[in-house]
Amino acid sequence: VTTVPVDERGAVVDALGDEAAVLLTPAHQVPMGVVLDPARRRQAIRWAAGTGAIVLEDDYDGEFRYDRQAVGAMQSLAPDQVVYAGTVSKSLAPGLRLGWLVLPAALVDGVVDVKGSAGAHSSAVDQLTLAELIESGAYDRQIRRARLVYRRRRDRLVEMLARYSPAVEVSGIAAGLHVVAHLPGREEDDVAALAARHGLAVQGLGANTHPGHEHPPALVIGYATPPDHAYTAALARLDAVLAALS
Ligand SMILES: Cc1ncc(COP(=O)(O)O)c(C=O)c1O
C-alpha cells in the first residue's frame, strides 16, 4: 500500500501513479475532516478512467453533515470507475457489521463470489430488519435524530475547545463523529496520556496517520461513544485536561 498526502482540499490525487486502486473518504477525510474538492474528484476519476484503476469511495459518515446538505457521492459521477461503500456503523451501531457496496456492473459477480466464499455471512435477520427500517422510513428518522444529537455534541465540544484558543484550534468541516483539535507546540502523545489519566480515550493524530507522513500535533476526539448521560462529564474531564495544560 502506498499513501498520498492530504491538504486542505483533501487527498492529493495528482500523486497517484500506476496503482490499481485508491481508497478515498471524499465526504469527510479521515482523520483530517476536510472534503475532497470538486477538481480533485474529477482528477481522481480521470486518473481511474485513464489507467483502468478503481476508486473506492468510503462514505463512512456521509449522513452526518451539520452545516449544509451532504455533497453528492463521487460514484454518481463515474459509476464505472467508482466503488461506493456505505455502512450502518455510524448511524446504528458498528457491532451490526452491516454495510453496502454500489459496484461497477463488471465487478458485481466477482465481489458476490468473494463475499460468498469468504465465509463471513451477514446475519439474514439483521439484513431483513434493516430493510424493514429503510422501507418504513424509520432509518431516515433515526439518521435525523442521530444527526441532531451529534451536532449538539459537536457544538458543545467545539465551544469548550474555543475557550482554549489559540493553544487549541479545531480544523475540519462540521460533520461526522470526530473533531481534530490542534495543539501547537505540544506533544500530542503527552496530552493523550494526560487525558487517559482523566479517564478519556482520545488519540493523537499520529495514531491515525500513516508512518512517515508529517503531521501537526493534534488530538482526534470522537464524540459519539459516551452515552447521553455521560457526555457532560466527559466534556468536563476534557476541559480539566486542557485547563491543566494552560
Ligand atoms: C475510514 C472509515 N471507513 C469505514 C468505517 C466503517 O467501517 P465498518 O463499516 O467496517 O464499521 C470507519 C469507521 O470508523 C472509518 O473510520
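Count residues from 1 along the sequence. Ligands are counted one by one from 1 in listed order, and the atoms in each one are counted from 1 as well.
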Every pair of nitrogen or oxygen atoms between ligand 1 and the protein that is under 3.5 angstrom apart - can you list them with their distances to 0.1 Å?
unit_1: ligand 1; atom_1: 3 (N); unit_2: Asp58; atom_2: OD1; d: 3.3
unit_1: ligand 1; atom_1: 3 (N); unit_2: Asp58; atom_2: OD2; d: 2.5
unit_1: ligand 1; atom_1: 9 (O); unit_2: Thr87; atom_2: OG1; d: 2.6
unit_1: ligand 1; atom_1: 9 (O); unit_2: Ser89; atom_2: OG; d: 3.2
unit_1: ligand 1; atom_1: 10 (O); unit_2: Arg97; atom_2: NH2; d: 2.7
unit_1: ligand 1; atom_1: 11 (O); unit_2: Ser89; atom_2: OG; d: 2.5
unit_1: ligand 1; atom_1: 11 (O); unit_2: Arg97; atom_2: NH1; d: 3.1
unit_1: ligand 1; atom_1: 14 (O); unit_2: Lys90; atom_2: NZ; d: 2.7

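Classification of Asp228 and Arg153 as a salt-bridged pair holds, one side-chain N sitting under 4.0 Å from a carboxylate O.
Taking the ring axis of Tyr223 as reference, the NZ or CZ atom of Arg154 does not stay both within 45° of it and closer than 6.0 Å to the ring centre.
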- prompt: Yes or no on side chain to side chain contact (heavy atoms under 4.5 Å, CB included) for Leu92 and Gln142, after CA distance, side-chain angles and deciding distance?
  reply: CA-CA 8 Å; Leu92 293 176; Gln142 158 66 11; 3.7 Å; yes
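Atom CZ of Arg152 has 12 or fewer heavy atoms from other residues, nucleotides or ligands within 6.0 Å.
Within the 6.0 Å centre-distance limit, the rings of His178 and His28 are counted as a close aromatic pair.
Between Tyr84 and Asp59 there is a side-chain heavy-atom pair separated by less than 4.5 Å.
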